[in-house]
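Following: one structure in structure tokens, then a few remarks.
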Amino acid sequence: MRTMDKIGQVMINLLIGLIIIVAAFTLYSYVALEVLDKDYVSLFGYTYFEVASGSMTPTINKEDMVIVKLNSDYKQEDIVTYNLNGDFITHRVKRIDTSTVTTKGDANNTKDAPISKDSILGKVVCIIPNFGIWKRVLLSPRVLILLIITFTLFSFTFSYNTKAKRKKLKRQREKKQLEKQIITPIKINEEVEQKKEIKKDKEE
């Protein structure tokens, strides 16, 4: 029972942590883009985008998230994200010239038009599959309500079991202490009687 409690608690904590991370990303993105009116989110030298098309399939699929290291070095065949007339595109570098870079989507038949190096935000360093799907699922009101109810019931059960175990251990300790208190006088009386018998035998 104790092992199951621990496993359940770990799973619930991981799920809650995932929800908090997704919610934090969503809230931070909203504040940066809508309130502060920034072109993209910047956090500790990195930014992230949810992919809106399948031009990089199968390497990157629609609704995946890409983590981009800003102003990072890149080379041919690296995947980069660049700004094209206000749209952010994530494609693979196919050619690097003095002042321009030519890219291409893995699923596209033709290369993109050359772009200025200054328009490149940075190199993709991580791909998180199905981020958009997870975001919709975890932030769904029905799922949130279900998770809250599950977590509440689990916490209550775990707390109840813990209290029951503590009471049981307390009763066991009290029982042992009571047994010691009863046994000690009996032993003392036995020792006294033994000493009397020994003394009597010596006198005889």
Do [X] and [Y] share a hydrophobic cluster (ILVMFWY, side-chain heavy atoms under 4.5 Å, transitive)?
X: Ile79; Y: Ile96; value: no
X: Ile127; Y: Phe88; value: yes
X: Leu70; Y: Val124; value: yes
X: Val68; Y: Ile89; value: no

pair [X]-[Y]: side-chain heavy atoms closer than 4.5 Å:
X: Thr102; Y: Asp112; result: no
X: Arg92; Y: Met56; result: yes
X: Ile128; Y: Tyr48; result: no
X: Tyr82; Y: Asp118; result: no
X: Ser99; Y: Lys117; result: no
X: Ile115; Y: Thr100; result: no

Among Asp64, Leu121, Val41, which one satisfies side chain to side chain contact (heavy atoms under 4.5 Å, CB included) with Phe49?
->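 It is Leu121; the other options fail the test.
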At what distance, to the nearest 0.5 angstrom, does [atom1] of [X] lie from [atom2] of [Y]?
X: His91; Y: Thr59; atom1: NE2; atom2: OG1; result: 11.0 Å
X: Ser116; Y: Leu84; atom1: OG; atom2: CG; result: 11.0 Å
X: Ile120; Y: Asn83; atom1: CD1; atom2: CG; result: 11.0 Å
X: Asn61; Y: Asn130; atom1: CG; atom2: CG; result: 7.5 Å
X: Cys126; Y: Tyr46; atom1: SG; atom2: OH; result: 10.0 Å
X: Asn108; Y: Thr103; atom1: CG; atom2: OG1; result: 9.0 Å

Exercise for review: Identify the two heavy atoms, one from Ser53 and one from Val51, that lie closest to each other, and give their separation to 0.1 Å.
Suggested key: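 Minimum heavy-atom separation between Ser53 and Val51: O-CG1, 3.1 Å.
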Distance-minimising heavy-atom pair for Asp106 and Thr57
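Shortest heavy-atom contact: CB-O, 3.9 Å.
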Next item on the list: Might you confirm whether atom NZ of Lys104 has over 12 heavy atoms from other residues, nucleotides or ligands at distances under 6.0 Å?
Entry: yes
Self-check item: Over 12 foreign heavy atoms within 6.0 Å of CG, Asp73
Solution: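 Check fails, neighbour count at 12 or below.
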- Check: Ser72 side chain, Lys123 main-chain N or O, donor-acceptor pair, under 3.5 Å: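 It does hold such a pair.
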Main-chain N/O of Met65 paired with Glu50 side-chain donor or acceptor, under 3.5 Å: no
- List the steps, then state whether side chain to side chain donor-acceptor pair (under 3.5 Å) holds for Thr81 with Thr90. CA-CA 4 Å; Thr81 297; Thr90 298; 2.8 Å; yes
